[in-house]
Participant: 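I have a structure here, written as structure tokens, and I will follow up with some questions on it.
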Amino acid sequence: MNIEEVRMSLVNDLEKVNDLKELNDLKVEYLGKKGKITELNQMIKDVPNEEKKEFGQKVNEIRTMFNDIYEEKRQAFEAAILNEKLAKEAIDISLPSKKVKRGSKHPMTRITEEFEDLFVSMGYTVYEGPEIESDENCFQKLNLPKGHPARDAQDTFYLKDEYENFLLRSQTSTAQVRVMEENTEKGPIRVVCPGKVYRRDEDATHSHQFMQIEGLVIDENVSMADLKGTLELFCKKILGEKTKVRFRPSFFPFTEPSVEVDVTCFKCGGKGCPLCKQTGWIEVLGAGMVHPNVLEMSGYDSTKYQGFAFGTGMDRFAMFKYGIPDIRTIYGNDIRFIEQFDKKDGE
Ligand code: DAH
């Protein structure tokens, strides 16, 4: 083929190309090892010297021409492919969106926040201790030495081997010890400690894991009257103003004197019903004046300071307040259960 023939066929061939593949095939046909333009290039050396320059220029022109048309076509084909793809994958923004589901607070989160808000409004701070505790903090420093019979009521889960002195705390009272020890000035304390606790229990009203909140107040002139006033206020705020509160003498190793606190049954209002076993009262709290041994073991001078403490199961309050019959549903992780409390506090 001479130069003019190559030029003609090139224009013709490029005109007929339908897609990227055909275009690239043409590139091989013209510029490949045995391509038509390559062959012209090889012919240069055989052309007489006086024509060489002109011949060479023409070959170059043809190559540039091929490359220019090739590039133009390639861009056009690629744009077409992209446009087709965009058209196929177009997003129809007129479609109604999927409803975004709002989460809801777990009833235990709600009740914890309610307790915290109440106590914070009375000047308390909130402290959370760890769930894995030492035997020392959970029992010994609360006046429950090893072998003390009152430990039986709080059998829990124990760690093994080198951690055998550690356990899952059976009561938030352990946090009292931490708060007192961390207070290096050994001054006044006003704190509530909510959190999970563990025991070897499992039935409709007991779970191996449940939640308590502990209160501790230490100061120079704290009396049983302060404890009574605080607990009365707290029961009325959480369970309703009509709630009556009753104190019964009791025993806890870490308080002296100790009391158990009952409230009038919120179901029958105190008349007697199956929930309160016809007594009109429901036990909700343990409390008392902090035992001098407990103060001393955590570095407080019991001749200068007194304190009161209380502890209660928050799950029970949640069960009463929200009408939950089985404690196990609280920890069952069923979203249908959790969602039910969404509207209870007007959120
Ligand atoms: N820790 C006790 C329990 O789990 C409850 C309790 C009783 C806490 C008396 C106190 C208290 O702070 O003074 O059964």
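Whatever order the structure lists ligands and atoms in, that order sets their numbers, starting from 1.
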Participant: Which residue supplies the protein heavy atom nearest to atom 12 (O) of ligand 1, what is that atom called, and how far is it?
Facilitator: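 For atom 12 (O) of ligand 1, the nearest protein heavy atom is Glu214 OE2, 2.6 Å.
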
Participant: Could you tell me the residue and atom name of the protein heavy atom closest to atom 1 (N) of ligand 1, and the distance to it rounded to 0.1 Å?
Facilitator: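 Sorting protein heavy atoms by distance from atom 1 (N) of ligand 1 puts Gln171 OE1, 2.7 Å first.
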
Participant: Check each heavy atom of Ala287 against ligand 1 and say whether those closer than 4.0 Å belong to the side chain, the backbone, both or neither.
Facilitator: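 Backbone only.
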
Participant: Does ligand 1 have an atom that lies less than 4.0 angstrom from a heavy atom of Phe254?
Facilitator: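 Under 4.0 Å: yes for Phe254.
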
Participant: Centre-to-centre under 6.0 Å for Phe115 and Phe317, is that the case here?
Facilitator: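 So the answer is yes for these two rings.
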
Participant: Kindly write out the residues that satisfy ring pair (Phe, Tyr, Trp, His ring centres under 6.0 Å) with Tyr305, not counting sequence neighbours, or none if the list is empty.
Facilitator: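 With sequence neighbours excluded, Tyr305 shows a ring pair (Phe, Tyr, Trp, His ring centres under 6.0 Å) to Tyr300, given in chain and number order.
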
Participant: Which residue holds the protein heavy atom closest to atom 14 (O) of ligand 1, what is that atom called, and what is the gap in Å?
Facilitator: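 Ranking protein heavy atoms by distance from atom 14 (O) of ligand 1, first comes Arg199 NH2, 3.7 Å.
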
Participant: For Arg316, check side chain to side chain contact (heavy atoms under 4.5 Å, CB included) against everything at least two apart and list the hits.
Facilitator: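 Applying side chain to side chain contact (heavy atoms under 4.5 Å, CB included) to Arg316 gives Ile282, Phe320.
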
Participant: As a check for students: among Gly311, Pro253, Gly215, identify the option with a heavy atom nearest to atom 5 (C) of ligand 1.
Facilitator: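 Nearest heavy atom to atom 5 (C) of ligand 1 lies in Gly311.
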
Participant: Of the protein's non-hydrogen atoms, which lies at the shortest distance from atom 7 (C) of ligand 1, and what is that distance?
Facilitator: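 Minimum-distance protein heavy atom for atom 7 (C) of ligand 1 reads Gly286 C, 3.4 Å.
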
Participant: At a 4.0 Å cut-off, with the gap strictly under it, does some heavy atom of His291 reach an atom of ligand 1?
Facilitator: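 Judged by the 4.0 Å heavy-atom criterion, His291 does not count as contacting ligand 1.
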
Participant: Give me the ring orientation class for Phe166 and Tyr163: parallel if the planes are under 30° apart, tilted from 30 to 60°, perpendicular past 60°.
Facilitator: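 Ring orientation, 0 to 90° scale: perpendicular.
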
